[in-house]
Amino acid sequence: MVSKTILDNGVRVISEYMPHAHSVSIGIWVANGSRHERREHNGVAHFIEHLLFKGTVRRSALDIAREIDSVGGVLNAFTSREYVCYYAKVLDKNLPQAVDLLTDIFLNSTFDPEEIEKERKVVLQEISMLEDSPDDYVHDLFHRSFWRGHPLGMSILGSAESVSNLSRDAIVAHRDAMYRSEDIIVAVAGNVRHDELLKLISGSFDSVPEGTGRNCCHLPVYDQKLEMVEKDLEQLHICLGTKSLPHNHPRRFEAYLMNTILGGSMSSRLFQEIREHLGLAYTVYSYVVSHTDAGSLVVYAGTSPEKLSDVLEITCSELRRLKFEPVPATELEAAREQLKGNILLSLESSDNRMTKLAKNEIYFGRYLSLAELTGGFDSATADGIAELANDFFSGDYVTLALTGKISGQIPDLSHLVL
């Protein structure tokens with residue numbers, strides 16, 4: 001059972017009662033992320049996520065860590081381009097303690113100057129670690145290039161320069177501007193009743209300023225881009241991508257099915273052809289990234305530099321195949337059942353259900369039932385997938401990002417016309 005209450009100042013509280021669960025997961029979500037930053041302050045949303053764990057008026061950073069560990073719980077956070085989430089997962093009997101701890105760090109963090117400087121070093125190390133992990137870095141490189149000139153193209157972590165220049169005043173000002181009532185969602189799933197939850201958080205969010213910190217921006221322009229970073233690596237890391245659908249688009253189910261068939265599993269076309277049949281890569285897959293107003297479909301592969309053209313040609317061949325050959329009924333049904341099974345399995349845990357509650361609220365403004373989700377996949381057709389493929393897979397939209405020993409290999413994007 002899902003329940004929703006809007007507090008007097010606009011903060012939304014949503015819960016799902018799971019009577020057979022022993023755990024409760026609670027997340028405080030802020031529905032704006034790196035895309036809502038000023039460019040000169042890029043990385044500030046992620047920096048704030050770190051700093052909220054560094055001490056409040058009542059608790060030191062060590063107190064926070066010891067308190068969650070003392071009940072065997074999990075306390076963490078993450079930042080995306082469109083939201084920030086602070087969450088805890090505990091046994092149901094420890095929910096009152098988790099609520100007190102989570103609301104304290106969310107509402108009462110002190111942003112101590114000494115802690116800011118210590119955590120700045122940590123974030124700079126995180127940025128360096130990303131740049132030293134080419135199979136992760138190439139995705140960041142791709143998205144920065146694909147969305148270049150648009151707020152979605154800003155790095156979630158920020159750059160070493162932008163993070164180094166963030167002052168305490170700028171950090172606090174961003175928190176004050178963005179952590180507004182209409183952007184805050186308290187999502188809870190597990191063995192807790194909604195009325196009990198409301199009693200636990202009663203008054204906690206009264207001090208949150210009303211309004212929203214989100215700002216509207218222009219829609220992105222899709223065009224052809226090539227981004228290459230030379231590194232002395234054994235493998236060449238490749239991201240090839242094109243446009244896709246926003247998160248709430250009515251045809252998103254066909255996009256998810258298309259991705260699953262293309263490269264979303266071990267039985268997918270790209271995995272079977274590039275890895276299993278030809279042995280050109282150890283890792284190859286595709287994925288969809290959806291935002292409120294735009295999306296991308298991306299193929300990743302790690303291969304030897306001399307096999308770059310082979311991997312690109314096979315990938316483009318499979319994309320063209322989706323445009324011009326209807327997906328066979330058996331393959332479509334297998335992808336459909338895979339995605340439905342993934343959803344059902346994910347809903348066995350309270351943290352996944354909590355996340356589903358929050359994302360539904362952010363992107364749809366309402367709860368999407370399991371029947372609605374599975375029905376969406378059931379209604380998708382091979383013709384619908386082909387129509388999307390013809391819309392997405394145009395050379396005019398393709399972005400290619402490479403990192404590794406490129407050694408003068410400059411792919412001709414005109415050959416990637418799909």
Side-chain angles (χ1 to χ4, degrees), residues 2 82 146 219-220 222 240-274 284-300 314-348 352-353 355-398 418:
V2 174
E82 297 202 293
F146 188 72
L219 290 174
Y222 301 98
L240 175 70
T242 185
K243 73 172 185 175
S244 185
L245 300 176
H247 204 98
N248 61 356
H249 197 284
R251 300 189 63 184
R252 64 191 180 279
F253 299 101
E254 288 164 335
Y256 296 147
L257 284 164
M258 180 169 61
N259 173 67
T260 299
I261 292 163
L262 176 64
S265 69
M266 290 176 63
S267 62
S268 67
R269 294 177 176 184
L270 287 176
F271 190 94
Q272 286 297 311
E273 184 66 16
I274 291 177
V284 56
Y285 57 84
S286 66
Y287 60 94
V288 172
V289 178
S290 296
H291 303 291
T292 53
D293 51 2
S296 60
L297 185 149
V298 187
V299 174
Y300 165 82
I314 293 167
T315 300
C316 291
S317 175
E318 291 298 343
L319 296 178
R320 286 190 290 269
R321 185 178 164 200
L322 283 167
K323 290 175 66 172
F324 302 120
E325 297 179 17
V327 176
T330 54
E331 191 176 15
L332 177 57
E333 187 61 24
R336 204 191 314 271
E337 291 304 309
Q338 179 187 337
L339 288 172
K340 288 159 63 175
N342 289 344
I343 292 173
L344 287 167
L345 289 172
S346 72
L347 295 181
E348 291 188 352
N352 283 333
R353 286 193 180 228
T355 297
K356 179 176 180 290
L357 290 175
K359 288 186 176 181
N360 280 349
E361 187 65 25
I362 290 169
Y363 291 113
F364 301 95
R366 64 182 181 87
Y367 176 71
L368 273 62
S369 68
L370 182 59
E372 185 173 354
L373 293 174
T374 56
F377 289 116
D378 287 337
S379 63
T381 66
D383 287 344
I385 291 172
E387 287 177 11
L388 285 184
N390 275 278
D391 184 26
F392 295 168
F393 303 152
S394 164
D396 294 338
Y397 307 141
V398 168
L418 308 174

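Below, all heavy atoms of this structure are taken into account, side chains as well, without hydrogens, waters or symmetry copies.
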For the residue pair S286 and V299, establish whether any side-chain heavy-atom pair is separated by less than 4.5 Å.
-> yes

Within 45° cone of Y397 ring axis and under 6.0 Å: K243 NZ or CZ = yes

Would you call the rings of F253 and F377 parallel, tilted or perpendicular, where under 30° means parallel and over 60° means perpendicular?
-> perpendicular

Do E372 and F364 come close enough that some side-chain heavy atom pair is under 4.5 Å?
-> no

Give me the one residue out of I314, I274, T315 that meets side chain to side chain contact (heavy atoms under 4.5 Å, CB included) with V284.
-> I274

F271 side chain reached by S265 side chain, heavy atoms, under 4.5 Å = no

Enter the distance from S394:OG to L319:CG here, rounded to the nearest 0.5 Å.
-> 11.5 Å

Value rounded to 0.5 Å, distance of NZ in K359 from CG in L368 | 13.5 Å

So do the side chains of L373 and K356 get within less than 4.5 Å of each other, counting heavy atoms only?
-> yes

Just grab all the salt bridge (charged side-chain N to carboxylate O under 4.0 Å, His left out) pairs involving residues 261-270, residues at least two apart or on different chains.
-> R269-E331

All heavy atoms of Q272 vs all of M266, minimum pair found to be NE2-O, 2.8 Å

Heavy-atom nearest pair, A386 first then K323, reads CB-O, 4.2 Å

When rounded to the nearest 0.5 angstrom, what distance separates CG in L322 from CG in L388?
-> 10.5 Å

Salt bridge (Lys or Arg N to Asp or Glu O under 4.0 Å) partners of D383, counting only residues at least two apart | none

Out of curiosity, I362 CD1 to T292 OG1, how far, rounded to the nearest 0.5 Å?
-> 10.0 Å

If you round to the nearest 0.5 Å, how far is OH of Y222 from CZ of F392?
-> 8.5 Å

Nearest heavy atoms of L257 and A380, plus distance in Å = CD1-CB, 3.3 Å

Is a side-chain donor or acceptor of R251 paired with a backbone partner of G384 at a separation under 3.5 angstrom?
-> yes

Closest approach of F146 and G241, non-hydrogen atoms and distance?
-> CE1-O, 4.3 Å

Tightest non-hydrogen contact, residues L297 and S244, listed as N-CB, 3.8 Å

Could you tell me which non-hydrogen atom of G263 sits nearest to which non-hydrogen atom of S268, and how far apart they are?
-> CA-OG, 3.2 Å

Are L332 and T381 side-chain neighbours, meaning at least one heavy-atom pair lies under 4.5 Å?
-> no

Just how far is it from atom CG of L345 to atom NZ of K340, taken to the nearest 0.5 Å?
-> 13.5 Å

Under 4.0 Å between a Lys/Arg side-chain N and an Asp/Glu carboxylate O for R321 and E273?
-> no

Short side-chain donor-acceptor distance under 3.5 Å, T260 and Q338 = no

Step by step, would you call V398 with F393 a side chain to side chain contact (heavy atoms under 4.5 Å, CB included)?
-> CA-CA 8 Å; V398 168; F393 303 152; over 6 Å; no

Mutual orientation of the aromatic rings belonging to H247 and Y363 [parallel < 30°, tilted 30-60°, perpendicular > 60°] | parallel

